[in-house]
2 protein chains.
Amino acid sequence: MSEFVTIGRAAARAGCKVQTVRYYEQIGILPEAVRTEGNQRLYSESHLQRLVFVRHAREMGFSLGAIRDLLSLADDPDHSCEAADAIACEQLEQVNRRITHLRALKQELERMVEQCRGGVIADCRVIEVLGDHSKCADRTHGARA
Amino acid sequence: MSEFVTIGRAAARAGCKVQTVRYYEQIGILPEAVRTEGNQRLYSESHLQRLVFVRHAREMGFSLGAIRDLLSLADDPDHSCEAADAIACEQLEQVNRRITHLRALKQELERMVEQCRGGVIADCRVIEVLGDHSKCADRTHGARA
DNA sequence: CCTTAAACCTACAGTGATTGTAGAGATTAG
DNA sequence: CTAATCTCTACAATCACTGTAGGTTTAAGG
């Protein structure tokens, strides 16, 4: 009852493009797939699981490098959880940094857009603010992101 | 009092690498710079302003395409402000979308990390959650493996 | 004036993570 | 059997830089 599927179905199930799956194989993130007589790739359930893992991790923002590490950890079930935890923590911190950064941007953009209501370019806050750092909200303040 | 500066100083003032400045010239974001007898680029104050504008906009997350548009708008001071406003609004929306996305990630990562305290890979929530969509936040108010 | 170090020049390759293309062959439904 | 769809390889393109090699120019010190 080996339920092998073609690359198209595998990609569909993982929510990515066919090329992406081939790319993962190419860079060694996925092992080489079995082939049909006609040289087409076939994916087993465990292949699919690995692919889903990768896609899910990508959606969570993990880099392929981090995913590679996670996979090699996952392949050793007796290993301590510590390293996987560390990778996830690092990812979480990165996400927090990005959120902080984006919130600052959001404020600045809101200010820009708010002050630019009609008028001509010569008086445009958007252009003006972008051209002059000193017109930024409070850039010399938080200092960290 | 033509205060021309070399590319190194220009880059330093804009907070980017020398190569980046040359790259901007190459793709037409910045006009070609004047050269010394020895073929080295020199930047005037207006050049510098444009470069600072570009870098600031990049820091705000605008794509080079959007920046190109903003620049051509900025070059026409009598033009209506509308288009610049629209670009900034689109950017603001993008930032909002990203923040929303990142907040969801943050939650999921926090859950993963929280539940993975010590133990071995075989029981690791990080690995487990990444390998199984059904264990994601929105469905797992009571689920366990 | 000469030397040395730093900064600059061009041209091109590499990054990350895909995505797109061309031109062929395989598979499946009608 | 045929037509449509899918898959194959191999390679180029994307975005916004960044790095490298190998050479030239410039500023400073002796």
Working note: A:V5 + A:H47, criterion side chain to side chain contact (heavy atoms under 4.5 Å, CB included); need CA distance, chi angles, decisive distance, verdict. CA-CA 10 Å; A:V5 297; A:H47 262 95; over 6 Å; no
I'd like to know whether A:R41 forms a side chain to side chain contact (heavy atoms under 4.5 Å, CB included) with A:T6, so could you lay out the CA-CA distance, the side-chain angles of the two residues, the decisive distance to 0.1 Å, and finally the verdict. CA-CA 6 Å; A:R41 289 171 182 85; A:T6 62; over 6 Å; no
Take B:L64 and B:Y24 through the test side chain to side chain contact (heavy atoms under 4.5 Å, CB included) and record every step on the way to the result. CA-CA 9 Å; B:L64 285 178; B:Y24 289 158; 3.8 Å; yes
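Note that the first and last nucleotides of DNA chain C, 5' to 3', having any atom under 4.0 angstrom from a heavy atom of chain A are C:dA17 to C:dT27. Taking the 5' to 3' direction, DNA chain D first and last meets chain A under 4.0 angstrom from a heavy atom at D:dT7 to D:dT9.
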List, one per line, each side-chain donor-acceptor pair under 3.5 Å for residues 31-40 of chain A, sequence neighbours excluded.
{"unit_1": "A:R35", "atom_1": "NH1", "unit_2": "A:N39", "atom_2": "O", "d": "2.8"}
{"unit_1": "A:R35", "atom_1": "NH1", "unit_2": "A:N39", "atom_2": "OD1", "d": "3.3"}
{"unit_1": "A:T36", "atom_1": "OG1", "unit_2": "A:G38", "atom_2": "N", "d": "3.1"}
{"unit_1": "A:T36", "atom_1": "OG1", "unit_2": "A:N39", "atom_2": "N", "d": "3.3"}
{"unit_1": "A:T36", "atom_1": "OG1", "unit_2": "A:Q40", "atom_2": "N", "d": "3.0"}

Show me the donor-acceptor pairs, under 3.5 Å and distance only, between side chains in residues 13-20 of chain B and residues at least two apart or in other chains.
none

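In the model, B:Q94 has a side-chain atom that pairs as donor or acceptor with a side-chain atom of B:R98 under 3.5 Å. Between B:R50 and B:Y43, the side chains place no donor N or O within less than 3.5 Å of an acceptor N or O (distance only, hydrogens not considered).
The residue among A:T6 and B:F62 whose nearest nucleotide of DNA chain D is located toward the 5' end is A:T6.
Separating the CD atom in A:E25 from the CG atom in A:L51 is a distance of 11.0 Å, to the nearest 0.5 Å. Taking CZ of B:F62 as the reference point, atom CG of A:L105 lies at 9.0 Å (rounded to 0.5 Å). Rounding to the nearest 0.5 angstrom, the gap separating the CG atom in A:L30 from the CZ atom in A:F53 is 11.5 Å.
Listed by residue number, B:Y23, B:Y24 are the residues of residues 21-30 of chain B with a heavy-atom contact under 4.0 Å to DNA chain D. Of the residues in residues 38-47 of chain A, A:N39, A:Q40, A:R41 come within less than 4.0 Å of DNA chain D through at least one heavy atom, sorted by number.
Not a single donor-acceptor pair under 3.5 Å links the side chain of A:E108 to the backbone N or O of B:M60.
Enclosure of atom CZ in B:R97 by more than 12 non-hydrogen atoms of other residues, nucleotides or ligands within 6.0 angstrom is indicated.
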